[in-house]
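The structure appears below as structure tokens.
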Amino acid sequence: MATPEQTEAAPAAANSEPASHEARYNPAEIEARWQERWAAQPDLYAAEPASSARPKYYVLEMLPYPSGQLHMGHVRNYAIGDALARYMWMQGHNVLHPMGWDAFGLPAENAALKNNTPPREWTLANIAAMKRQMNRIGLSYDWRNEITTCLPDYYRWNQWFFLRMFERGLAYRRKSKVNWCPQCATVLANEQVVNGCCWRHEDTLVEQRDLEQWFLRITNYAQELLDDLSKLEGWPEKVRTMQRNWIGRSEGARIDFELEDLESIPEEERSARRGGTAVLPAREGVKGGEVKITVFTTRIDTIYGATSLQLAPEHPLVKQMTVADPALDASVADLLEQQRRAREAGDVGAIQKHGVFTGHYAINPFNGERLPVWVANYILLDYGTGAIMSVPAHDERDYDFAQKYGLEIRVVILPRRTGEPADSGETESLLPFTDEDSLLINSGDFSTVGCHEAQRRMAAYAEEHGFGKATVTYRLKDWGISRQRYWGTPIPMLYCESCGIVPVPDSDLPVLLPDNVEITQQGGSPLGRIPEFVGAACPQCGGKARRETDTMDTFVDSSWYFYRYTDARNDRAPFDASTVAYWFPIDQYIGGVEHAILHLIYSRFWTRVMRDLGLVRNDEPVERLFTQGMVIRNGAKMSKSKGNVVSPDEMIARYGADSTRMYSLFAAPPDRDLDWQEDGVAGVSRFLGRVCRFAIKYAGRAKNGRAAGGDLSPASQALLRKLHQTIRKITEDFAGRWHFNTCIAAIMELVNTLTAAEPAINGGEVPDVVLTEILRSLTLLLAPFAPYLAFELWEQIGEQDNLLRSPWPEFDEALAREEQIEIPVQINGKLRSVIRLDADADEDTVRDAALADPRIAALIECKEVARIILVPRKLINIVVK
RNA sequence: GCCCGGAUGGCGAAAUCGGCAGACGCAGCGGACUUAAAAUCCGCAGCCUCGUAAGAGGCGUGGGGGUUCAAGUCCCCCUCCGGGCACCA
């Protein structure tokens with residue numbers, strides 16, 4: 001059971017006798033003392049200037065939203081980053097390890113509504129509380145460069161960047177369909193829509209609205225963002241794949257289909273035109289009209305198999321058609337209504353395909369055939385051209401649709417087999433057949449050509465004849481950043497009655513976010529209700545102008561914050577270019593995988609914009625990215641609704657910060673999900689207690705300084721061997737796979753070895769110089785994981801220097817080597833005995849020893865030895881018949 | 001549907017290059033210390049069978065097959081769990 005008294009009662013006992021070797025490990029007392037001392041040294045974790053002789057290392061954890069409470073996911077994230085930062089300092093690097101606050105955003109407005117606290121006040125109070133928690137955990141942040149994105153000295157640079165983008169045409173305004181979350185009462189970017197719902201309100205369906213919005217032209221960089229993914233070798237493959245899919249490049253072609261000129265259709269054909277299920281043959285005299293439908297396809301090679309065109313319901317041409325045709329108008333309205341209802345029912349994935357024939361036909365430019373034009377709900381307006389050619393035989397979706405409405409299905413490609421196309425009857429069972437390793441049939445001059453070659457030749461043919469072109473399309477859309485909210489960066493734009501859209505001049509920055517805003521639940525931008533804010537003079541003509549009242553998406557703040565960390569108090573520029581050039585790119589970025597596309601793709605975009613503005617030299621912001629696993633409990637992610645939340649404060653009060661953070665590293669490898677078990681924290685705490693008691697017990701003998709050499713007793717050799725094996729293991733892990741769980745296990749093994757050797761240590765078999773090396777190294781090894789205890793022991797064993805700047809112990813390969821090793825002996829692959837030999841024994845010696853082993857000898861007696869497999873230093877396997 | 005992870009004792013996990021499966025820790029059991037408890041320390045501990053015992057043998061890394069002297073690890077098929085994408089033409 002919980003024993004809160006333990007932490008209160010214990011300090012007194014420890015204070016009375018702090019150095020007693022029987023003293024109980026008392027984290028509350030040790031940690032309180034060191035916190036006070038660290039607080040008195042504001043430069044303790046300060047990065048050195050670019051002139052530093054040490055090589056630079058920039059380690060960064062994703063900045064938190066200041067909700068007011070750290071959760072275990074934060075603790076884990078920061079424990080990983082902090083261990084690395086401390087290790088890198090000890091490895092002699094100049095480490096930049098900053099922290100800040102992603103402080104704009106909707107929760108502050110919600111809190112304002114609920115508690116009647118102004119967003120600014122609420123946010124700053126939360127920041128103070130969380131900063132206190134971070135310091136309590138003992139994280140090594142350089143607070144001199146702290147940033148708070150909701151303060152003008154930060155967000156003015158958002159505005160400054162926005163103006164630079166506007167000047168270059170990278171920021172633009174247009175009316176468009178946008179995602180609208182009714183809960184947030186604001187617009188969302190595509191990246192913030194999850195399964196048709198809001199990313200913050202999983203049960204709230206996103207609506208489509210037409211609004212004037214500011215966009216950033218991220219699509220200008222689509223190809224570069226895609227190409228450079230292959231260079232990000234320090235990123236998890238998973239994240240790169242997610243970004244690749246998000247950018248969604250596809251190669252294909254645009255083709256124009258002319259709508260048939262109704263005037264030119266001969267009288268006798270009119271009756272055959274109902275239904276729209278059949279393709280009408282090419283016919284002399286039928287002409288294309290003025291109106292064209294442009295489709296995008298990746299499979300131009302199947303164009304002879306097209307049997308209809310399909311338009312998105314929101315396609316502009318559909319509107320033109322419905323104006324003249326009330327019956328069609330009703331059908332399309334019905335289509336949209338069905339769509340809306342299906343989404344409301346929540347089953348977005350299971351929406352059925354529906355469509356309506358428009359009564360029009362369009363001419364296939366390759367063969368003059370006339371294809372019925374339909375409207376279908378499975379066509380997306382904002383991908384490609386919002387229109388497709390439907391090839392039921394060779395596309396799954398078109399096949400479903402054609403089956404449902406009885407449209408023609410025409411086979412125009414067949415598997416490549418003996419070189420000759422197979423019989424078409426045999427292929428029908430394969431439909432829809434989409435394999436591109438195939439040959440064309442029934443495709444005019446292109447018949448018998450392979451698909452890939454046909455794609456090239458047909459696109460070239462289309463371009464030659466002026467009705468099409470090879471094209472690349474991306475799924476990535478421009479980034480809509482306007483939000484109809486109060487708590488964000490004001491967009492620095494003005495609307496002048498005579499000059500139109502006018503940017504705020506740099507000299508007028510920042511456009512301050514006013515404080516006196518009443519937060520209400522009514523829609524529209526809150527800033528629009530403050531006349532003093534809205535009213536302004538036009539900087540160009542001096543006339544009356546109106547301020548933009550939308551604010552920026554908060555992902556703008558986090559797209560470049562890590563640059564500001566290098567020079568956060570700069571009031572003339574977002575940062576100093578040469579300082580950034582020194583620190584960038586970030587050597588190691590650590591955070592949750594949930595930001596794989598949103599934050600991390602925006603950041604890559606922003607860095608390229610800054611590069612093109614001449615502000616930075618790096619193409620990528622982040623060299624290596626690490627995504628840690630979630631903290632779960634009882635098989636589910638910690639959340640209030642599941643009632644399985646463990647508060648860091650409670651853990652720290654009960655077991656101390658060292659135990660809490662060390663457990664978060666010990667319970668699982670950092671990239672895997674971690675199952676929180678409180679008993680495990682208690683176990684780590686017990687272990688730290690053993691370390692503490694052991695070190696303090698022998699601290700007196702460790703004050704004799706350092707020395708080495710001389711003949712070592714077997715006991716000393718054994719202890720040093722274990723020590724150097726541990727140093728090797730942990731050093732290699734920091735450089736490689738970061739399995740801190742096994743690093744901590746290795747330290748536990750070392751301590752187990754040490755306590756088991758106490759009789760030898762006390763019996764004079766281990767000289768003080770050896771004991772000194774052991775205690776020093778043990779403390780250094782512990783420092784990245786349990787800094788409070790490490791600082792305490794460092795002082796107890798008489799060291800004067802700053803532990804964080806003391807060199808990481810070097811491992812000595814000769815000391816780490818085992819002199820004797822155990823070799824398992826197998827017979828037919830089954831373990832039968834183990835022999836002990838000198839580590840450098842040659843093969844014959846090993847073989848002879850194995851065969852001479854009494855157990856082995858007995859087992860192979862009367863049997864024929866067929867083969868002996870000997871793996872040096874590993875194993876010997878005797879194969880008998 | 002497609003793409004990634006993952007599945008190992010009662011539990012969290014380890015085994016880094018195909019070579020002693022279960023390191024380290026939790027929970028458990030036995031013992032020491034104590035008037036007693038807490039704390040601490042020592043020992044046992046994958047499962048099954050045989051044996052009073054020391055010990056011996058068998059089975060065992062989600063399931064089935066394969067490669068190999070040897071497979072948690074490699075190959076093929078399947079099940080379950082977690083995550084991402086999902087009418088992207």
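Just so it is clear, the model here is predicted, and its values are computed rather than measured. Order of the sequence lines fixes the chain letters, A, B, ..., with proteins taken first and strands second; residue numbering starts at 1 for each chain.
- As the counterpart of B/A56, B/U49 is assigned, both hydrogen-bonding distances of the Watson-Crick or G-U wobble pattern falling under 3.5 Å.
- Residue A/Lys353 is classed as a base contact, given a heavy-atom separation below 4.0 Å to a base.
- Across every strand in view, B/G28 sits in a pair with B/C44 that passes the Watson-Crick or G-U test at under 3.5 angstrom.
- A/Arg244 comes within contact range of no nucleotide atom at all, as no heavy-atom separation falls under 4.0 Å.
- When heavy atoms are screened at a 4.0 angstrom cut-off, A/Arg240 is found touching no nucleic acid atom at all.
- The residue A/Phe666 sits close to a base: some heavy atom pair falls under 4.0 Å.
- Applying the 3.5 Å distance criterion, the base of B/C69 shares a donor-acceptor pair with the side chain of A/Asn877.
- Here A/Gly384 lies out of heavy-atom contact (under 4.0 Å) with every strand.
- Among the atoms of the strands shown, only primed sugar atoms or phosphate atoms (P, OP1, OP2) are found under 4.0 Å from some heavy atom of A/Asn752.
- Between A/Arg737 and A/Glu732 there is no salt bridge, since none of the side-chain N atoms of the basic residue sits less than 4.0 Å from a carboxylate O of the acidic one.
- Side-chain N/O atoms of A/Lys874 and base N/O atoms of B/C20 include no donor-acceptor pair closer than 3.5 Å.
- A glycosidic torsion no more than 90° from 0 defines the syn conformation; B/C80 lies beyond that range and is anti.
- B/G9 has its base syn relative to the sugar, with a glycosidic angle deviating from 0 by at most 90°.
- Taking atom C1' on both nucleotides, B/A45 is separated from B/G31 by 15 Å, rounded to a whole Å.
- What you find for A/Ala850 and A/Ile835 is that their closest heavy atoms are N-CD1, 3.8 Å.
- Going from the P atom of B/A38 to that of B/G64 covers 46 Å, rounded to whole Å.
- Residue contacts shown for A/Asp398 are absent, as no nucleic acid heavy atom lies under 4.0 Å away.
- Remark: A/Lys353 fails to qualify as a cation-pi partner of A/Phe401 under the 6.0 Å distance and 45° angle criteria applied to the six-membered ring.
- The nucleotide B/G1 finds its pairing partner in B/C85, both defining distances of the Watson-Crick or G-U wobble pair being shorter than 3.5 Å.
- Residue A/Asn377 places no side-chain N or O under 4.0 Å from the OP1 or OP2 atom of B/C87.
- Comparing the C1' positions of B/C76 and B/A71 gives an interatomic distance of 15 Å, to the nearest angstrom.
- Remark: A/Thr742 is not in phosphate contact with B/A13, judged by side-chain N or O atoms under 4.0 Å from OP1 or OP2.
- Using a 4.0 Å heavy-atom distance criterion, A/Ile878 is classed as making no nucleic acid contact.
- Counting non-hydrogen atoms under 4.0 angstrom, A/Ser390 reaches nothing in the nucleic acid.
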